[in-house]
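No hydrogens, no waters, no symmetry mates; every other heavy atom, side chains included, goes into these values. Throughout, protein chains are lettered first and strands after them, A, B, ... in sequence-line order, and every chain is numbered starting at 1.
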Amino acid sequence: MNWRHKHLLGIEGLAPEEITLVLDTADKMAEVATRPVKKVPALRAKLVVNLFFENSTRTRSSFEIAEKRLSADTLNFSASTSSVSKGESLVDTILNIERMMPDCYVMRHPSPGAGQLISGFTKASIVNAGDGAHEHPTQALLDAMTIRQRKGGFKGLKVLIAGDIAHSRVVRSNIHLLNTMGAKVTVCGPATLLPPHIESLGVTASTEFEEAIKGKDVVMMLRIQLERQKRGLFPSLMEYYQRYGLTEERLKLAAKDVIVMHPGPMNRGVEIASEVADGPYSVILDQVENGVSVRMAVLYLLLGGGEDVSAH
Amino acid sequence: MKRKTILDAAGIQRTLGRLALELAERLQGCEGVVLIGIHRRGVPLARRIADKLSEVEKVQVPVGSLDINLYRDDFSSAGTAPVLRGTQVDFDIEGRTVVLVDDVLFTGRTIRAALDALVDLGRPARVQLAVLVDRGHRELPVQADYVGLSLNTRREDHVELHLTEFDGEDALLLETQITAKEGRP
């Protein structure tokens, strides 16, 4: 099985074998970080442009480390310090950078489909690092790598994703991935944070957290963005925690060997209790570590074309 | 196209046995020696040589595997990214004698990449190379220390090693393109 896509814009549309290929490649990449020399020359002289039109520290750092471990040259372009703040359009920005011969764009943008739009104006590959509430494919892949490490696979696995389902790109990518791989997904949150017709994506939806968490193998908590409260989507952070916060008590309702995940950054005491976040079931820091391996795998598969010298 | 069996299963066994004896003789008891096979077919060959060494010399030599696809020199080539098999070297190579093991030595580019990959893992005292077949046509100044079989080939020929681990049989095959002039009808 070889990779045949030029871009990674989303998980939707990827076949199970393609997801497995990324995860297998990521497992191999993890070994590079354990070496005395944590760097390989695979993408030497490739130029990767990190285009971040929204703030992001961890995703951008994770991509940048992945690029450096593969010996790519990197250019960081953030909207706040660039020509975008002077009014340049996205397409004009791309047309300008295009003349500097990049091989790949890693882009985060507030508009869903931004990656799709720029793909018509560039010869380079595009990795979507989050587009509005649409997709965040590398997050779903690093979540999958973490789940596979702990659970061995996805078939029949019961997964709960809880929190702000309506505004989350992480949820969409994860639903596509977990469904494709044969897991059973339940989403849970207050009705104001559950999009209507979410079941059409092939998930079970619930507003009762304690009911939804029962017997789950994986519990994935999402960040509650504090500005949502100002818009009146839930009464107070304290009330949110009382009904939807992942406490040690509630975690006991899940499967005995449950794993707890969070894409970060966490609000301790809002969507997750500190004892759970730091507890024995938490794999939250594994997710961060796996993020680098998954991004190395994606960049390698998109840009590392060549003859297989080990095939003979 | 003509296909010829150069070595059968017994021939490969004998050749590997001889390689192991040569290693044991030159490395004097294999103190501080490690074997690292190059993916794909160098890996089972390294294991088999280690088995022979434990039979004959009663020494356990550590065996590792090296994936060199992240060290290729054809970066500009189009096409899909080769599948990674992974590097697994669970022992320290610092100060050791590393014997790289590969199936066919041809252009030497694989070995160039393997040397780059190896030095990222540590600094061995010395590195040697053992191959089952040397078929010539080097493009880089690379030479093997232990050669199972030297084979005269033309550049466009294919030398293929089949191993039970991957192909269900042990055999060394030579495929030659016969041109109209030399070939018989």
Side-chain angles (χ1 to χ4, degrees), chain A residues 1-6 8 17-18 20-48 66-73 101 103-104 123 125 293-294 296-312, chain B residues 37-43 45 64-90 92-94 102-114 116-123 132-133 135 158-163 166-167:
Chain A
M1 174 88 213
N2 279 310
W3 187 257
R4 56 185 176 84
H5 301 282
K6 182 173 172 133
L8 179 67
E17 309 81 59
E18 292 174 320
T20 302
L21 174 65
V22 179
L23 300 183
D24 288 349
T25 306
D27 284 345
K28 305 294 188 293
M29 290 297 184
E31 180 265 331
V32 174
T34 67
R35 299 180 186 179
V37 179
K38 294 193 275 288
K39 200 178 175 81
V40 292
L43 300 187
R44 205 170 49 190
K46 301 275 186 196
L47 176 59
V48 181
E67 291 152 12
K68 292 191 151 93
R69 291 230 166 114
L70 292 170
S71 304
D73 293 323
M101 311 298 167
D103 298 285
C104 182
K123 292 196 212 54
S125 290
S293 304
V294 152
M296 285 172 78
V298 167
L299 291 165
Y300 170 73
L301 291 171
L302 293 181
L303 304 176
E307 194 191 347
D308 186 349
V309 279
S310 66
H312 248 299
Chain B
I38 301 171
H39 277 293
R40 266 180 102 200
R41 287 177 171 71
V43 176
L45 289 183
S65 61
L66 202 60
D67 188 321
I68 54 156
N69 271 321
L70 297 170
Y71 292 84
R72 295 176 343 251
D73 62 0
D74 59 341
F75 299 110
S76 55
S77 307
T80 57
V83 172
L84 299 186
R85 322 262 174 207
T87 288
Q88 195 178 5
V89 177
D90 301 330
D92 200 355
I93 63 166
E94 203 78 25
D102 203 4
D103 56 348
V104 181
L105 180 56
F106 183 24
T107 62
R109 290 182 190 272
T110 302
I111 305 305
R112 199 272 322 150
D116 280 357
L118 195 65
V119 295
D120 280 359
L121 303 177
R123 189 173 186 280
L132 187 71
V133 188
R135 60 163 294 191
H158 287 286
V159 178
E160 232 182 270
L161 177 67
H162 285 188
L163 292 176
F166 303 122
D167 316 287

Trainee: Taking C-beta and beyond as the side chain, do Arg35(A) and Thr87(B) meet within less than 4.5 Å on heavy atoms?
Mentor: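 With C-beta onward as the side chain, the pair touches.
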Trainee: Check the surroundings of atom CD in Gln88(B): do more than 12 heavy atoms from other residues, nucleotides or ligands lie under 6.0 Å from it?
Mentor: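 Result for CD/Gln88(B): open.
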Trainee: I want to check something: taking the side chain as every heavy atom from C-beta on, are Lys28(A) and Leu70(B) in contact at a cut-off of under 4.5 Å?
Mentor: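 Not touching, per the 4.5 Å side-chain cut-off.
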Trainee: Looking at every non-hydrogen atom in both residues, tell me the closest pair between Pro82(B) and Tyr300(A) and how far apart they are.
Mentor: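 Shortest heavy-atom contact: O-OH, 2.7 Å.
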Trainee: Counting only heavy atoms from other residues, nucleotides and ligands, does the tally under 6.0 Å from NE2 of His162(B) exceed 12?
Mentor: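 Buried by this count: over 12 neighbours within 6.0 Å.
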Trainee: Of all the heavy-atom pairs spanning Ala81(B) and Asn2(A), show the shortest one and how long it is.
Mentor: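 Heavy atoms of Ala81(B) and Asn2(A) come nearest at O-OD1, 3.4 Å.
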Trainee: Measure across Trp3(A) and Thr80(B) and return the closest heavy-atom pair with its distance rounded to 0.1 Å.
Mentor: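 Where Trp3(A) meets Thr80(B) most closely, the heavy atoms are O-CG2, 2.9 Å.
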Trainee: A side-chain contact here means heavy atoms from C-beta on lying under 4.5 Å apart; do Lys38(A) and Asp120(B) qualify?
Mentor: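 They are not in side-chain contact.
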